[in-house]
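All remarks here apply to the structure that follows.
Since this is a predicted model, take the numbers as computed values, not measurements. Atoms within each ligand, like the ligands themselves, are counted from 1 in listed order.
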Amino acid sequence: MEKRANFGSKLGIILASAGSAVGLGNVWRFPTEVGTNGGAAFILIYVGCVVLLGIPLMVSEFVIGRHTHKNTADAYRQLAPGTPWVFQGYLGVFTSWFILCYYSVVAGWTLKYLVSAVTGQVAAISDSTVYFSDFTSNPWMPVLYMVLVILMCHWVIVRGVQEGIEKSSKLMMPLLLMIIAVLVICSFSMPGSSEGMTFLLKPDFSKITSDVVLSAMGQAFFSLSIAMGCLCTYASYFTDDAKLMKTAGSVALIDTTVAIMSGFIIFPAVFSVAEVAPDAGPGLVFITLPNVFQIAFSHVPWLGWAFAVMFYLLLLLAALTSMMSIHEPVTAFLLERFSMSRRNATRIVTLSCVVVGTLCSLSFGPLADVRILFGMTFFDFFDFVSAKVFLPVGGIIIALFTGWKLERKMVLDELTNHGTLRSRLFPVYIFLIKWIAPLAIGLIFLNELGLFAL
Ligand code: PHE
């Protein structure tokens, strides 16, 4: 049998995993959530969720993936053969695919805006709301851009783990981090930007409700790519000397830093141009920002151009590295379970995603009136089900699985690389994963389903 692929270096491992974590969730979703949910108060709760729930769950997925060196579905099959736990393996693969389908739609928008920024169109938009809705409701264009980004992702995945995922992450992630640094500096230097900082840093605890806590947790899970099978799949390519706890800590740190930096890019810019509201919702980056670019740089147009190009390039890079990480679990599953060639497995995933992604994309246009459940369009449905149902459910199962089912010695062996690393944090990790994570996620999830009116 062919030798299974693995990442070639520790840096590659961290950059690929961080590439998965850093995505539209950081640049697009996080600032929107901060804007609508009480600024710094939300950030505090978010960081709490990352540390207490996110990192332990990430570590658990790493343990499962690296121990088995198998795709997610087969990993659970190996660890708990013939038991209902196997379900989580399939759920992970399915969730990845599910997210890929609607995530690609927004990724497509970022490509479109990048093209528009480069050609100077963003600077010439007269009404950005109309521009956005004209584009997204068009039956062809958004689908075309979506297909293009999926093909970019396909191009990477088909090249395999080291040549595709690792190489491209090593190129794209440093570029992404550099762009962020430049943009933060630009944004800070705009007049009136300090108000944006105040907005971001001043906590408004009156806005914190159970709903907001749920959003923070959902955002943390989404942003760290937890419970989707992708961390587990990436970890199955980790080398035996990779330090799992340290890697999880670094990935969480990079991810959270990028999210907060994105807030630092967006809010000072938005506030320096007083006309636009900071809680504009998901339209923030596609509707509010083009206005900001125009107004803020009306005196130096080339600066506005450069800011817009860098910003949308940042979004596209972030989206692509994340898409790779949800494409791979499904590809790896098909490839290994059905002994397919990588080429064919990748093709199947790409094609199915184009078909379903098209439905999601069209739900902003010709299919806008098609409501599939509780008044949700295709896109809303995919977003809601994955972020609010699959992720918490997957999170609870993973926590219970590692906390209660897996042999303690095996988990300890993985985390200490068979006794060669120190294990000071091990009891804390076990406590969090065994008790806190399932309880917290369970409570918040049940509350979301309306079981108790908190
Ligand atoms: N973590 C990514 C983000 O923040 C999103 C993502 C979702 C990545 C699902 C992989 C899988 O945007």
Side-chain angles (χ1 to χ4, degrees), residues 14-34 46 49-50 53-55 57-58 61 65 72 91-110 149-150 153 156-157 165 169 172-173 176-177 180 215-235 248 251-263 282 284-285 314-333 349 353 357 360 382-392 394-395 398:
I14 293 187
L15 289 182
S17 313
S20 166
V22 172
L24 296 171
N26 302 63
V27 194
W28 174 59
R29 226 159 172 247
F30 184 80
T32 308
E33 299 255 325
V34 173
Y46 175 79
C49 291
V50 167
L53 305 173
I55 297 183
L57 281 167
M58 187 185 289
E61 289 206 45
T72 306
L91 182 66
V93 174
F94 186 70
T95 310
S96 286
W97 177 81
F98 211 72
I99 294 183
L100 182 62
C101 293
Y102 83 92
Y103 198 80
S104 315
V105 175
V106 186
W109 299 350
T110 69
V149 282
I150 298 179
C153 174
V156 173
I157 295 296
I165 299 173
S169 304
M172 293 201 264
M173 288 308 286
L176 180 146
L177 295 174
I180 292 212
S215 302
M217 189 195 73
Q219 171 64 18
F221 278 23
F222 186 82
S223 186
L224 295 173
S225 313
I226 282 165
M228 312 177 190
C230 60
L231 294 174
C232 189
T233 305
Y234 271 12
V251 172
L253 185 69
I254 298 180
D255 187 65
T256 308
T257 312
V258 171
I260 295 178
M261 288 299 138
S262 305
L284 188 69
V285 298
L314 163 74
L315 270 180
L316 180 65
L317 290 173
L320 272 177
T321 47
S322 293
M323 281 175 68
M324 283 150 40
S325 78
I326 23 180
H327 197 300
E328 177 63 22
V330 197
T331 304
F333 168 67
V349 181
C353 172
C360 291
F382 274 66
D383 183 22
F384 177 85
V385 172
S386 45
K388 301 247 158 133
V389 181
F390 287 168
L391 297 193
I398 293 172

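At under 3.5 Å, not a single nitrogen or oxygen of Cys230, backbone or side chain, sits near a nitrogen or oxygen of ligand 1. Looking at ligand 1, you won't find any N or O of Asp255 less than 3.5 Å from one of its N or O atoms. Between Ser322 and ligand 1, not a single N/O pair is under 3.5 Å apart. For ligand 1, one of its N or O atoms has an N or O atom of Phe222 under 3.5 Å away. For ligand 1, one of its N or O atoms has an N or O atom of Gly25 under 3.5 Å away.
Within the 3.5 Å criterion, the main-chain N or O of Asp255 finds a donor-acceptor partner in the side chain of Asn26. Here the side chain of Thr321 pairs a donor or acceptor atom with the backbone of Ala318 at under 3.5 angstrom. At distances below 3.5 Å, at least one donor-acceptor pair connects side-chain atoms of Gln219 with backbone N or O atoms of Gly25. With hydrogens and angles ignored, the 3.5 Å screen pairs a side-chain donor or acceptor of Ser322 with a backbone N or O of Val22. For the pair Tyr234 (side chain) and Glu328 (backbone), a donor-acceptor distance under 3.5 Å is absent. Using modelled atom types, one side-chain atom of Ser225 and one backbone atom of Ser20 make a donor-acceptor pair closer than 3.5 Å.
Here the protein heavy atom with the shortest distance to atom 4 (O) of ligand 1 is Ala21 O, 2.9 Å.
Residue nearest to atom 9 (C) of ligand 1, selected from Gln219, Arg29, Met228, Met324: Met228 (by heavy-atom distance).
Taking 4.5 Å as the limit, every side-chain heavy atom of Ile326 sits out of range of all side-chain heavy atoms of Thr95.
Taking a 4.0 Å cut-off on heavy atoms, Phe30 fails to register as neighbouring ligand 1.
Near Ser325, with a cut-off below 4.0 Å to any heavy atom, the atoms of ligand 1 are 10 (C).
Within the 4.0 Å heavy-atom criterion, the part of Tyr103 lying near ligand 1 is the side chain and not the backbone.
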